[in-house]
Each structure stands twice: as structure tokens, then as C-alpha cells.
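First up is the structure itself, then whatever we jot down about it.
Chain letters run A, B, ... following the sequence lines, proteins first and then strands; every chain starts at 1. Quick caveat: nothing in here was measured; it's all calculated off a predicted structure.
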Amino acid sequence: MELRAVTKRYGHAENAVTALDAVDARFAPGTFTAVMGPSGSGKSTLLQCSAGLDRVTGGEVRIDGVPITDLSERALTRLRRSRVGFVFQTFNLIPALTAAQNVVLPLRLAGRRPQPSEVTARLTEVGLAERAGHRPAELSGGQQQRVAIARALITRPAVIFADEPTGALDARSGAEVLRLLRTAVDRHGQTIVMVTHDPVAAAHADRVLFLADGRVVDDLTGPVGSEKIAVHTARLEESAR
Amino acid sequence: MMAWAIVRHRFASFAGTFVAIALGVAVVACSVTLYLSSRPQPPERYDASPVMVQAPSVGTNDFSESEIRSWTTSELTDLATKLRPEPRITNVIPDPVFYVQELGTEDMGTAQLDGHSWSSAALGGYRLTAGRAPEKRGEVVIGTSLRKGTGAGGSIEVLTAVGPETWTVTGTTDGGGYYVTDSDALARSSGVRVIGLTVTGDPERIADSARALIGTSGTVLTGPDRAALEPAKVTRIRWIGAQLLIAMVVLGAFATVFVVASTCALTASQRRRELGLLRAAGATPAQVRRLMYAETALIALLAGLVGAPLGAVLAPLVAGPMVSFGLEPPGYEATWQPAAVGGAVLLGLVVALAGVAVAARRASKVPPLAALREAAAETRSMTPSRWVFGLLSLAAGAGLLAAMPTMATESKTTAGMGAAMLLLTTAALLAPVVIGPLVRLATGPWRGSATGMLVREGTLTGVRRVASTAAPVLVTVGMTVLLTGMVATIDEAAGIDEAADIPAATVLAPDGTPGLGETAVSAQTGTSRLDTRVLVTHGSAVTGEDATGVAGAPVTLSPEAAKELGASIGSAINLRWADGTVASLPVEKIDVNAAAPVVLPRDLVRRHDPDALTALVVLKGDPQPAAGGRVLSARDYAREQVDEEGDLVDLFLWVLIGLTAGYTAIAVASTLLMATAARGPEFRALRLAGAGLGQVLRVTTAEALLAAVVGALLGGAVGVFSLTGVRAAVEDEMGREVALIIPWAAGIGVAILCAVLAVAATAVPVLRRTELAR
Ligand SMILES: Nc1ncnc2c1ncn2[C@@H]1O[C@H](COP(=O)(O)OP(=O)(O)OP(=O)(O)O)[C@@H](O)[C@H]1O
Ligand SMILES: [Mg+2]
């Protein structure tokens with residue numbers, strides 16, 4: 001998973017906004033990266049461009065060594081379906097489908113018939129085996145996020161992107177979600193890129209990338225304590241003012 | 001699996017589509033059931049005659065009905081002689097028919113089919129219920145159903161082609177109508193075209209041997225094929241009804257596609273976020289499209305299963321009124337028609353899939369990113385395909401209107417309706433272009449207020465939603481303005497025409513009778529026409545022509561008839577009379593003002609068509625009292641004729657407007673209901689921001705009114721534009737200027753109705769969910 005000189009501009013001519021400015025980044029397999037930065041710094045944009053949800057203005061994005069920049073919509077969809085997982089802040093689940101149906105959605109869209117045992121295994125992993133038949137409206141916010149994680153994991157993707165997955169949750173549910181992500185990395189060697197505002201959340205990652213004004217301004221590796229992250233964040237916001 | 005889950009889970013959001021399809025299917029199922037129930041039937045009077053012979057067909061007329069000639073008396077005797085030797089044929093019975101009506105009763109359109117020969121009663125298996133058979137002229141057996149109270153031995157006063165007569169009732173029978181002696185019936189009828197056989201044995205075998213016996217001098221019919229013997233008069237009535245039913249099906253199908261297309265587009269735009277999530281989860285655009293088709297197919301099927309039985313149940317209730325309005329023959333009944341019901345469900349499916357096509361294409365283009373955005377505020381409401389299809393249908397509609405003057409008269413109304421449908425589609429597609437400026441204009445004065453701002457921004461960022469909710473209003477107003485305006489314009493033009501060339505004369509006209517008998521006419525001094533039909537042979541072709549007998553007239557042709565028959569002054573025309581005899585007459589005159597295509601001496605016509613009636617006597621002297629006739633001014637008579645035709649047109653009009661308006665009114669309500677229901681979270685946010693329920697209602701009401709106004713304006717514009725095309729066609733036809741009549745009252749009336757419905761439909765979901773907790 002690699003970004004080379006990725007630039008993203010929104011709008012045209014004079015009122016154009018440069019959300020990403022020649023960003024280079026590599027996310028090694030089996031690592032958990034947190035992306036931080038002040039509001040409007042381009043975190044979500046980085047995520048969306050990396051995941052092929054949005055087209056870049058310049059530069060190149062590679063997933064699993066495949067440059068996605070020139071792929072057709074169809075090919076991109078296929079790639080996303082099999083190699084990329086998502087967890088958004090809210091609205092992750094199709095309201096009409098049950099938890100189990102939501103989890104197997106990517107497989108079914110790929111035309112595969114999932115084993116019931118596989119579905120149960122995934123739901124058990126996130127601690128929701130007995131909620132399989134419930135619809136999103138009958139699940140709490142934290143439970144919904146856990147279903148979304150189960151769904152992201154089911155295809156064994158090359159990378160999972162999460163945009164503030166704990167942003168709408170209380171501390172305990174948030175911690176549960178983070179623990180699940182961490183487990184996926186440790187147990188299955190899953191690669192995860194997560195955008196967050198919360199230093200405590202970022203502390204679960206192996207590496208923290210700081211963005212400001214569409215540029216990578218800092219890159220902390222190794223287990224980083226939440227206090228250190230908080231200090232960095234504060235400093236960045238100070239300079240942004 | 002997914003389509004089913006989604007449909008089941010969010011049925012409410014498909015409500016508009018469901019209602020539109022269910023109603024459309026019901027209309028189609030009902031109309032088609034009525035249509036199929038009205039196929040020609042073997043007349044009940046022939047129930048006991050499984051094998052029948054019809055006189056030879058000599059060609060087809062403009063209505064594509066067979067022209068059947070009559071057998072002459074000698075041909076009849078000949079046929080009977082040929083058929084009798086077959087041992088399984090027990091009797092050969094010619095069936096002469098003539099006009100009889102009891103004095104003082106009103107003709108319901110079938111009096112000319114009520115006189116029969118007594119022996120023909122056997123064809124229906126009818127028996128004497130009292131008294132004895134008629135034995136001489138002036139004696140009659142009457143149907144018990146016809147007149148209760150008159151038993152054998154009494155007398156009855158009737159009108160026939162001869163005039164008023166008093167007959168002795170010698171008996172009664174369980175059949176309908178009047179039965180006189182065979183020779184009397186033969187003498188009275190305008191030729192015999194049917195022979196019935198009573199048989200013992202297998203009808204098909206007997207029919208085969210009958211065919212072998214008579215060769216080409218008749219067509220042998222058995223079983224259901226005997227439907228070909230239905231009197232032309234009855235078939236014509238069915239034809240009129242069929243026209244209305246066909247129009248209903250076309251209009252119903254159009255309204256369904258139209259409303260389904262706009263509700264599907266609405267559903268798709270309301271679900272952008274969900275569709276984006278599906279795309280993010282790995283659905284290809286094709287899978288999204290398939291999902292939309294699958295959902296709509298499911299909804300259409302469910303709606304069809306509700307609508308089709310509803311239509312089938314409604315059909316028998318409509319059958320009665322259709323008979324009393326003269327759109328179906330007496331005795332008509334709607335029967336169970338599986339083909340109509342199944343076909344309607346299928347049509348609903350096809351129409352729904354056609355309607356969802358554009359929405360599905362658009363939905364498949366929703367980017368996965370849409371999942372991340374709150375209910376997207378759309379910025380671009382006009383897509384290239386909207387422009388392309390909008391302008392294409394505009395060109396087609398305008399082209400059709402422009403071409404109307406050169407079209408045949410019969411196809412003009414169809415062309416006008418077709419053009420209107422195309423233009424309505426244009427208006428719906430291009431609506432977003434005008435919605436923006438219109439909203440800015442309408443909300444301008446209230447820009448400062450919160451309501452004004454909310455309505456303005458809400459509609460400007462939801463132009464497509466407004467366009468979808470305006471669509472049904474558009475059809476209702478457009479169709480109403482076009483249909484009522486068309487009739488008013490034509491009526492007005494025709495009115496001037498009539499008044500222009502009617503002489504200030506007095507006329508004797510039929511009074512509740514199909515025509516005037518001989519006595520009534522001969523008592524008057526004046527001119528009259530004795531109408532008949534002749535079959536003219538020219539070269540190898542035979543053409544049926546309407547002919548009329550005028551006292552002392554030379555053999556005259558209209559120029560059109562002369563051209564068609566290849567005749568000129570001095571050449572002879574070979575014609576076959578109503579009684580089956582042939583004659584060759586020299587053409588003496590070709591006249592543009594001929595009273596009919598073929599004009600013949602009156603006494604000749606009377607001799608060969610004993611049952612012919614006179615439609616009208618233009619009086620020269622004082623009127624003499626005549627039974628079954630009444631005296632009035634020519635002007636009044638003409639007005640009555642126009643009115644009578646107008647009544648039928650009005651009936652058509654009201655049914656079609658009622659259908660469109662009723663249908664689209666329900667669509668207005670359901671579309672707005674579903675559009676507003678989907679905005680629950682938005683209104684909740686508004687309430688949380690401090691808006692009172694009243695303020696929310698004010699916003700939704702203003703938006704509903706805006707949609708109604710947009711629809712009404714566009715619909716009115718389309719209606720008026722189509723009307724100018726219709727007027728051009730009428731002007732061309734009449735060769736002079738015609739005033740354009742715009743039905744303001746009707747247009748504004750339905751627009752107000754739509755607005756009221758729209759406001760009510762938006763208020764319901766707002767008032768139903770007033771709690772603020774999620
Ligand atoms: N669709 C868009 N059109 C125009 N500008 C956009 C769009 N999306 C984002 N931007 C702009 O790009 C910049 C980066 O936005 P982005 O959403 O990536 O920020 P972010 O770091 O995720 O912020 P936050 O922490 O608030 O979520 C911002 O200045 C934003 O205004
Ligand atoms: Mg963001």
C-alpha cells in the first residue's frame with residue numbers, strides 16, 4: 001500500500017482547495033497506522049484517495065503493488081471488493097439487511113456463497129454471534145461498528161481503512177472497537193490505516209502520521225504513548241493558528 | 001435476496017411506485033376485461049341452431065367489416081332444396097329480420113332487429129307459452145319478456161317500416177321480439193342473409209356435408225364461429241365502447257410509466273447514501289442497476305397482484321353503466337378474463353421496468369463516496385441525458401403537432417394525444433431548468449424570513465425532488481387542458497359550421513324511433529331520403545355504398561363515388577339491392593351536392609328494401625300528424641344532432657379526464673407522502689434547531705405548493721401548446737379561422753385540487769412523527 005506524490009485538489013481555478021499536496025506514504029503489510037491532524041488537514045481525503053473511493057488529481061496510488069489511478073470503475077470496484085475494507089464513522093450498514101447479511105455482503109456481491117460457519121466465526125470474533133439476525137436499527141452504535149469491522153475483515157483484504165471509527169462512540173465502545181482492530185493486526189497480520197482525532201485511539205497504532213494543510217508533517221513509529229501524541233497534536237494546532 | 005430484503009424492510013419508501021403501478025394495472029385489467037368480454041357473440045336467438053349458413057361475403061367496408069349480400073328468394077329455395085336431402089338436417093329455416101316497435105315505447109337501439117318469422121323461433125329453441133302460431137298477415141306471437149300483460153287474443157299497436165299497424169296477438173313465446181308468419185316476415189325484411197339449421201348429430205360433421213352441398217353460395221358456420229352472425233348494429237355499439245377502452249388503456253399505461261419513472265427517480269435520489277455504501281462494499285455499477293431492477297420488478301409484481309384482481313372486480317360494476325350509455329349492447333356482461341388479468345400484471349411489470357430504467361442508470365453512477373456524505377445536496381440537476389431526451393421528445397411532439405393538418409381525420413385525435421404525451425415528457429424532463437428561477441422568483445419577497453430561506457434553499461438543493469413531485473400535477477393539468485380545450489374548440493367550430501348553412505325550414509324527425517315509416521312520410525309534402533345500402537360491382541371489385549332514395553331523382557353519384565366506382569355519366573353501374581337482386585342502371589348525373597354517394601329513385605329503393613326507414617322529411621307544406629314522428633325546426637334538429645354526438649364526446653372526455661385526474665391525483669398524494677416521509681431526519685434537525693411544528697409545516701406546505709405551481713404552469717403550457725396544434729388541424733379541415741378556446745376553469749380547477757392534495761399529503765408524515773427522540 002503506497003502513495004507517491006499524491007495531490008488532490010477540489011473545485012476549479014481561483015476557488016480551488018488543495019486538500020493533499022504531493023503526499024508520499026507507505027503502509028507496510030501487517031501494520032496499524034493512525035493518521036492525525038487538525039480539522040481540514042486532509043486526513044479523510046488521504047484515506048479516500050488511498051482507497052480508490054476518490055480519484056487523485058496527481059501522483060500515484062498502489063494497492064498490493066497495483067496502480068489504481070488508471071483502473072476503470074469496474075476494475076476498481078473489483079479491487080476494492082476483494083482487497084480493501086472500510087469502516088466509516090457512521091452509516092456503515094445497509095438498514096434493510098441483518099447483521100449477518102451485512103457481514104457477508106462483499107462476498108455475495110463478488111458472487112460467492114459464504115459458509116454459514118464463516119459468518120458465525122466472524123460475528124463471534126466481534127462478540128455479536130447472538131445478534132446475527134438483528135437489523136442495524138436494533139443495534140447500538142458500538143455494535144454497529146463491530147459489525148462493520150466484521151464485514152471489513154471477511155474478505156481478508158490487503159488493507160482496511162477506517163475514518164474516525166470511534167468518533168461517534170463512548171469511551172468503552174470505542175476501546176472495544178480499537179481492541180478488535182488491534183487483534184486483527186496482531187492475529188491475522190491485517191494492514192490498517194485509521195484516521196482519528198483521539199490521541200488515546202492513536203496510541204493503539206504502531207505508527208502515527210501527522211498531516212497539516214495537506215502535507216505529512218510528522219511520522220512517529222514504534223509504540224507511541226497517548227501523552228506524546230497529544231503533545232504533538234497540540235503543537236500542530238498551535239502552529240496552524 | 002437483497003432486493004427482497006430491501007423491499008420488505010422499506011416498503012414505505014416504495015409506496016409511490018407501488019400505488020402508481022397498482023392503479024395502472026387495475027385500470028388496464030378492468031379495461032381489457034371489459035374489452036375482451038365484448039367480443040362478438042353468437043346471438044342468443046340462435047342457441048338451438050348449432051350449424052348456420054351466412055350469405056356470401058363480397059368484400060370488406062371501411063370499418064373492415066364484411067359486406068354480406070342477401071340471397072334472393074329463388075336462391076333461398078334452391079339452398080333449402082340442396083340442404084334438405086341430408087338426413088341429419090331436420091329443418092332449414094331462413095331468418096328474415098325487420099323493424100317492429102310497440103307504439104309509444106322508446107327504441108333502445110335494437111328495434112330494427114326485433115321482427116322475426118315464427119319458424120325462426122325454433123333456432124333459439126323458443127316455444128309457444130300460450131295460444132297458437134300466427135297464420136295470416138296481421139297476426140303475431142310476442143315474447144313474454146317483451147310485454148307483460150298482453151296475452152293471446154289481445155291486440156297490439158306497433159310501428160313498422162310501413163307505418164302504424166294493429167296486430168292480433170295469437171300467442172306468446174319464451175323468446176324475445178315479435179314473430180309473424182314466414183311469408184309476412186320475408187315480405188317485410190330487407191333480404192335474408194342467414195339460414196339456420198336444426199340438426200341431429202355432430203355439428204362439425206353436418207357442417208362439412210352442408211359445405212359440400214351448397215358450395216360457394218353460402219358460408220357454413222358452427223359453434224363460436226356463429227359470432228360472425230352478430231348484427232352489424234350490435235357490433236358498431238361494441239366498436240364505440242372499444243374506442244373508449246383502448247384510449248383508457250393507452251392513457252393508463254402512459255400515466256403509469258410517467259409516474260413510475262418519477263417516483264423511481266425520487267426513490268433513487270433519496271437512497272444515494274445507501275447506494276454509495278453498497279458501491280463502497282464492492283457492488284459494481286451493474287450490480288446496483290440490477291438491484292434497482294430487481295426491487296422494482298418485485299414491487300411491480302406485488303402491485304400487480306393487488307391491482308389486477310381489483311380491476312377484475314371493478315369490471316362488472318362498470319359494465320352496467322356502459323350499456324346504459326350505449327357503449328355496449330344490451331345484455332352485455334363483463335366475464336372473467338384471465339388473459340386480461342395476467343396481461344395487466346405483465347404490462348405493469350414491463351411498464352415499471354421501463355420507468356425505472358433511467359433511475360437505475362443514474363443510481364449505478366452513484367460514487368462510493370456518496371456513503372460518506374450526508375443526504376447529498378445536489379448541485380447539478382440537469383444531466384446531459386435529461387437534455388437529450390427532453391429535446392428529442394420536444395422535437396417529436398412539435399413535429400407531430402405540425403404534421404397534424406396533413407393527417408387523415410380519424411388519426412388526428414390520436415396524433416394530438418400522442419403529441420401531448422411527448423410534450424408532457426419534455427416538460428417533466430426539462431422541469432429542473434425552470435424550477436430554479438421560479439423558486440427564486442416566488443420566494444423573493446420572503447427572503448428575510450426563516451421559512452422563506454428554508455423553502456428557497458430546500459428546493460434549490462432538491463430541484464429533482466420538486467421535479468418528481470411536480471410530475472403528476474403536470475400530467476393532470478396538461479391532459480385536462482388539452483382534452484377539454486380540444487373538445488371545446490371543435491364544438492365551437494362545428495357550431496358555427498352548423499349555423500352557417502341550415503335553411504329556415506321545418507322538419508319531421510323520428511321520435512324515439514330509428515326512423516320514419518312509409519305512412520308518416522307519404523302524408524307529408526316535402527322532400528325526404530329513404531336510406532339503404534347497395535353493393536356496387538365495378539371490374540372485379542365490389543364496394544358497399546350508402547345510397548338514398550329521393551322521389552323523382554335521376555340516378556346520381558357524388559364525384560367521390562364516381563371516381564371510386566370508375567363511373568361516368570352514361571355508363572352503367574351494376575348494383576345489388578338489399579333484397580339480393582341485381583340491376584344495371586345508367587348514371588344520369590354526377591353532383592357535388594348529391595344527398596348521398598349514390599342517389600336513386602325512391603320507388604326503386606322501396607321496392608328492393610321493404611324495411612328501409614326515412615331519417616328526416618324537410619317539410620314544404622303544413623306538417624301532418626304522424627305516429628313516431630315529431631315536428632321541429634331544422635335548426636333545432638341540427639342542434640340536437642350535434643348535441644347527441646356531443647353527449648358521447650362529453651362522456652368520453654369525462655371518463656378520460658376522470659381517469660387521468662383520478663390516477664394522477666393519487667400519484668400526487670403518494671409521491672409527496674413518500675418524499676416528505678423520507679425527510680424525517682431533516683425536519684427533526686429543524687425542530688431541534690428551535691423550529692416549532694407550525695414552522696416546519698409552513699415550510700413543507702410552501703414546498704408542496706411550489707411543486708404544484710410548477711406542475712400546473714408547465715402542464716398548462718403543454719396543454720395550450722398542444723391546443724394550438726389541434727386548432728391548426730381543425731382550421732385546415734374547415735378551411736377557415738377557428739377560435740382557440742382555453743378551458744381556464746377546468747385547468748385551474750384541477751390545479752387547485754392537486755395543490756390541496758399535495759399540501760395534505762405533506763402534512764400527514766410531518767404530523768405523524770412529531771416526537772423528537774430518534
Ligand atoms: N468534496 C469537497 N469539495 C470541496 N472541498 C472539499 C471537499 N472535501 C473536502 N474538501 C476540503 O478539503 C480539505 C481537506 O478536507 P478533509 O475532509 O480531508 O479534512 P479532514 O482532515 O478529514 O478534516 P476533519 O478532521 O474535520 O474530518 C478541507 O479544506 C475541505 O474543506
Ligand atoms: Mg475527516
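Scored by the salt bridge (charged side-chain N to carboxylate O under 4.0 Å, His left out) test, A:Asp21 finds A:Arg215 as partners (sequence neighbours excluded).
Heavy-atom contacts from other residues, nucleotides or ligands closer than 6.0 Å to CZ of A:Arg74 number 12 or fewer. For CD of A:Glu60, the number of neighbouring non-hydrogen atoms (other residues, nucleotides, ligands) closer than 6.0 Å is greater than 12. Around CG of A:Asp64, the count of heavy atoms belonging to other residues, nucleotides or ligands within 6.0 Å exceeds 12. When the shell of 6.0 Å around CZ of B:Phe389 is examined, it contains 12 or fewer heavy atoms from other residues, nucleotides or ligands.
If you measure heavy-atom distances from A:Leu93 to chain B, the contacts under 4.5 Å come from the backbone alone.
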Inset, instruction - List the steps and the verdict of side chain to side chain donor-acceptor pair (under 3.5 Å) for A:Arg108 and B:Gln287. - result: CA-CA 11 Å; A:Arg108 299 209 64 134; B:Gln287 281 177 318; over 6 Å; no
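Among all heavy-atom pairs drawn from B:Ala283 and A:Arg81, the shortest one is CA-NH1, 4.5 Å. For A:Arg80 against B:Ala280, the heavy-atom pair with the smallest separation is NE-O, 4.3 Å. Taking every heavy atom of both residues into account, B:Gly282 and A:Thr77 meet most closely at O-CG2, 3.5 Å.
Side-chain contact check for A:Phe86 versus B:Leu277: every heavy-atom pair is 4.5 Å or farther apart.
Within the structure, every pair that satisfies the salt bridge (charged side-chain N to carboxylate O under 4.0 Å, His left out) test and touches residues 123-135 of chain A, not counting sequence neighbours, is listed here: A:Arg122-A:Glu125.
Donor-acceptor pairing under 3.5 Å is lacking for the side chains of B:Thr284 and A:Arg78.
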